[in-house]
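What follows is a single structure, written as structure tokens, with notes after it.
Order of the sequence lines sets the chain letters (A, B, ...), proteins ahead of strands, with each chain counted from 1.
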Protein chains: 2
Amino acid sequence: MRYDDIEIISLILRLKKDIISTGEFAPALGLSQQSVSRKIRELESNGLIKKEITARGQKITVLAKGLSLLRTTLNELNEAVGSIKKNLMFKGFVVSGLGEGSYYLGQDKYFVQFLDKLGFSPFKGTLNLRIKEDSNLDAKEAVISKVPIIINGFSDSGRTFGDIMCFRCKINNEVEGAIIVPKRTHHDDRIVEIIAPVCLRESMTLVDGDEVEVTSY
Amino acid sequence: MRYDDIEIISLILRLKKDIISTGEFAPALGLSQQSVSRKIRELESNGLIKKEITARGQKITVLAKGLSLLRTTLNELNEAVGSIKKNLMFKGFVVSGLGEGSYYLGQDKYFVQFLDKLGFSPFKGTLNLRIKEDSNLDAKEAVISKVPIIINGFSDSGRTFGDIMCFRCKINNEVEGAIIVPKRTHHDDRIVEIIAPVCLRESMTLVDGDEVEVTSY
DNA sequence: ATTACTACCGTCCGAGTAG
DNA sequence: TCTACTCGGACGGTAGTAA
């Protein structure tokens, strides 16, 4: 478990203190003072750090070997996070629109924001997909847990319209559009509403039951 | 030791395989098949991943909670690596110039490159520092293991002049200059030669034995 | 204050093996 | 093959305390 060492080195560097006591370290690592003391001694004997003990604590210098381990790990995590993006794809089946999306698109105060924030003027209707497999559901959850583009809500003639979250996506690797999700109402998890500059049913000749692939990027 | 989980999740993502067996995982983590099996079950019960067991192995999906942990860790490491730069400071004592630096500065073909690549025209002499403490020596090593600015070597009337590596630095947090290190000759590790647009001895009224702080940025 | 030793003990690892 | 159970033993954790 190489990453144990990294956790400590990372903390040492982030504390940005010249002198640190093992007791100070302990709670941040969820360990006792004694264990931290031992861990640090181990790091030193592995040549990852160097320490000088003073009256108030120890001055720790992360050595080249330690830094190199840190950088390697950083690269690994970057690679891991990078590979997530490629996993952000899910499939669903075209269903007839029962979603609220189309209604939103009819509201001018929403509509103007779409062009502004998404860069395209959406067709005034949504493509509704139903997700069947659980694995695709997870992918969809991953997409809509990314940082959303927010379409602000408003009040009009006594009614309140909430914020809408948008997530850019590509439909069948062909057309660029966006998944829209009302911020408040958590309606059926398995239905996804998609908007695009064009009518997707027409431009891609889709009918109910057709499988569609959605990629987030 | 939170990072243990990360190590496994990171590996899962980097393998980019749909189906993975615990036995395949084991060597990469330095654990036994049994331990990997248990670790993965723990990850699942902590809600970080989801797994489906098939005949050939298990299909693992990293859940939102797992991804978020991964991103947090990535940010921490980025912060840690970022803070290294601020740690790149060392101290040395002014000594009389026995270095080769001054000689280099006398060579026009080198000299013109300094202005070009460093953005300043150096005073035709170097400030030589001797590093006494080992901790400072480590910091100095860290500085000169960064990506160097290279001053190209050349041949002149039969003699060969090698490449020179430069590292921007700040002297006593006051004057901007550069550490220069011949690429070939690995002369005394404890002597550092510094160039600056001005004569540092004069502008900072330095004499032999004065302590000087060098920061790399 | 600190660090770190000793002693004890709980957790975790892995060999064997079942399913 | 695969996953995962049992169980003995090692490793790692902490309390007490010395330096």
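D:dC2 atom C1' lies 16 Å from atom CD of B:E52, rounded to whole Å. Distance NZ (B:K59) to C1' (D:dC2): 17 Å, rounded to an integer number of Å. The CZ atom of A:F25 sits 15 Å away from the P atom of D:dG13 (whole-angstrom rounding). In this structure, the CZ atom of A:R41 is 13 Å from the C1' atom of D:dG13, given to the nearest Å.
When the nucleotides C:dG14, D:dA4, C:dA4 are ranked by their closest atom to the side chain of A:K51, C:dA4 comes out on top. Distances from the side chain of A:L31 to the nucleotides D:dG13, D:dT3, C:dT3 place D:dG13 closest.
Taking 4.0 angstrom as the limit, B:S35 places a side-chain polar atom (N or O) nearer than this to OP1 or OP2 of C:dG14. Taking 4.0 angstrom as the limit, A:S32 places none of its side-chain polar atoms (N or O) nearer than this to OP1 or OP2 of D:dG13. A sub-4.0 Å separation between OP1 or OP2 of D:dT3 and a side-chain N or O of B:Q58 is present. For the pair A:T22 and C:dT3, the criterion of a side-chain N or O lying under 4.0 Å from OP1 or OP2 is met.
The minimum heavy-atom distance linking A:I164 with A:F114 is given by the pair CD1-CZ, 4.5 Å. Minimum interatomic distance between B:I180 and B:C166 (heavy atoms only, all atoms of both residues): CG2-SG, 3.9 Å. Minimum interatomic distance between A:V198 and A:S203 (heavy atoms only, all atoms of both residues): CG2-OG, 3.5 Å.
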Polar atoms only, N or O, under 3.5 Å: list the protein pairs with nucleotides 16-19 of chain C and their distances.
residue, atom, partner, partner atom, Å
C:dG16, O6, B:Q34, NE2, 3.0

Identify each atom pair where a protein N or O and an N or O of nucleotides 7-12 of chain C are less than 3.5 Å apart, giving names and distance.
none

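Between the B:S37 side chain and the B:Q33 main chain, no donor and acceptor come within less than 3.5 Å of each other. In this structure, the side chain of A:D210 engages the main chain of A:V207 through a donor-acceptor pair within 3.5 Å. The closest donor-acceptor contact from the side chain of B:S45 to the backbone of B:E42 lies under 3.5 Å. In this structure a side-chain-to-backbone donor-acceptor pair under 3.5 Å is present from A:N172 to A:E213.
When heavy atoms are screened at a 4.0 angstrom cut-off, A:I20 is found touching the sugar-phosphate backbone but no base atom. Within 4.0 Å (heavy atoms only), B:S37 reaches at least one base atom of the nucleic acid.
Using five terminal pairs a side, the axes of the helix from C:dT2-D:dA19 to C:dG19-D:dC2 at its two ends make an angle of 50°, given in steps of 10 degrees.
Proximity of A:V212 to A:I194: side-chain heavy atoms (C-beta onward) are nowhere separated by under 4.5 Å. Looking at B:E24 and B:I19, their side chains never come closer than 4.5 Å, going by heavy atoms from C-beta outward. For the pair B:V94/B:R201, a side-chain contact is recorded, criterion being any heavy-atom separation below 4.5 Å from C-beta on. In this structure, the side chains of A:L77 and A:Y3 come closer than 4.5 Å at one or more pairs of heavy atoms.
The environment of B:K51 atom NZ is dense: over 12 non-hydrogen atoms of other residues, nucleotides or ligands sit within 6.0 angstrom.
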